[in-house]
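Shown next, in structure tokens, is the structure this report addresses.
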Amino acid sequence: MSKFAIFVDLQHDFTFGTLANPAAIEKLQYLKEEVELLGRKGYRLVFTKDTHAADEEEYKNTLEGQYIPYHCGDGTAGREIVEPIKMKLYDAGDWCIRKETFGSTDLIAYLQKKNLEEPIDEIRFYGFVTEICVVSNALLVRTFFPNVRIVVDAAGCAGLTTEGHAAALTVMKACLIEVVNE
Ligand SMILES: [Zn+2]
């Protein structure tokens with residue numbers, strides 16, 4: 001049996017960059033510790049990277065571009081995994097997944113492939129922001145892995161607002177996703 005920890009969008013633009021978020025910055029030390037701890041415990045670590053067009057005008061023509069300021073442009077510094085998490089990346093077994101919208105079908109394909117090699121019995125989630133990309137991916141994984149234990153560590157997630165963060169946790173709990181450290 002294998003265990004995975006998915007770290008959603010721990011990127012510069014969601015912390016210090018164009019969508020700067022003090023609630024996310026507050027979580028970075030805990031996230032760094034969790035990356036190290038879960039790595040030692042044998043979890044496979046997966047990092048998603050939100051990615052939009054290198055050309056800001058092209059981004060503005062997307063639905064997301066009409067509502068959310070430009071962020072995580074392909075090739076920009078804002079798309080990079082934020083320090084101090086970045087220095088922990090690319091250890092053996094770690095994996096990055098490029099994602100171009102909230103939920104990632106590539107993440108599902110990756111987990112399905114891994115599940116065939118060795119059945120997955122736990123998938124943990126951390127990341128930014130709780131009410132958009134964390135909830136989207138947790139529900140997507142719940143759909144494709146109806147019998148796998150899914151855990152969201154609330155202490156390692158940050159929302160745009162405290163209300164949005166709490167609402168997303170409520171929805172995930174209703175879908176039989178365990179919320180810990182709330
Ligand atoms: Zn985005």
Side-chain angles (χ1 to χ4, degrees), residues 4-28 30-32 34-35 45-86 88-90 94-112 123-144 150 152-172 175 177:
F4 282 77
I6 318 296
F7 293 89
V8 177
D9 299 359
L10 305 186
Q11 289 162 280
H12 185 78
D13 272 346
F14 292 116
T15 46
F16 302 98
T18 55
L19 300 178
N21 183 355
I25 292 170
E26 266 179 32
K27 306 290 185 176
L28 289 176
Y30 178 70
L31 285 162
K32 176 174 178 277
E34 285 294 290
V35 166
L45 308 184
V46 178
F47 297 80
T48 67
K49 289 176 85 172
D50 198 40
T51 306
H52 295 288
D55 174 14
E56 187 170 347
E57 289 309 309
E58 193 181 327
Y59 169 72
K60 283 182 179 163
N61 288 327
T62 67
L63 180 68
E64 194 174 328
Q66 291 169 42
Y67 294 93
I68 303 175
Y70 186 55
H71 60 281
C72 299
D74 208 358
T76 65
R79 180 181 175 267
E80 293 303 307
I81 299 287
V82 67
E83 295 291 359
I85 313 295
K86 189 179 179 183
K88 297 301 305 170
L89 281 190
Y90 306 116
D94 292 356
W95 196 254
C96 274
I97 290 187
R98 174 190 174 100
K99 76 173 184 56
E100 294 174 354
T101 185
F102 305 145
S104 172
T105 50
D106 286 348
L107 172 65
I108 297 301
Y110 173 78
L111 291 172
Q112 285 177 322
I123 301 170
R124 296 182 80 86
F125 277 93
Y126 297 79
F128 313 137
V129 294
T130 323
E131 65 268 49
I132 304 177
C133 287
V134 175
V135 70
S136 291
N137 285 287
L139 293 177
L140 200 54
V141 169
R142 169 48 76 226
T143 303
F144 283 89
I150 302 174
V152 171
D153 187 336
C157 295
L160 289 177
T161 64
T162 50
E163 295 81 6
H165 172 80
L169 296 179
T170 299
V171 167
M172 289 189 279
C175 295
I177 292 166

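Counting starts at 1 for both ligands and their atoms, in listed order.
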**OP:** Determine, using ring centers only, whether His52 and Tyr70 are less than 6.0 Å apart.
**Re:** no
**OP:** Determine which pairs satisfy side-chain hydrogen bond (donor to acceptor under 3.5 Å, both in side chains) with at least one residue from residues 156-169, sequence neighbours left out, and list them in order.
**Re:** Thr130-His165
Original post:
When you check the space around the Zn ion (ligand 1), which protein N, O or S atoms turn up under 2.8 Å?
Top reply: Asp50 OD2, His52 NE2, Glu64 OE2, His71 NE2
Subject >> Side-chain donor or acceptor of Asp106 paired with backbone N/O of Ile97 under 3.5 Å >> reply: no
**OP:** Answer yes or no: is there a donor N or O on one side and an acceptor on the other, between the side chain of Asp153 and the main chain of Phe125, under 3.5 Å?
**Re:** no
Original post:
So, Lys99 side chain and Phe102 main chain: donor-acceptor pair closer than 3.5 Å or not?
Top reply: yes
Subject >> Salt bridge Arg98-Asp74, side-chain N to carboxylate O under 4.0 Å >> reply: yes
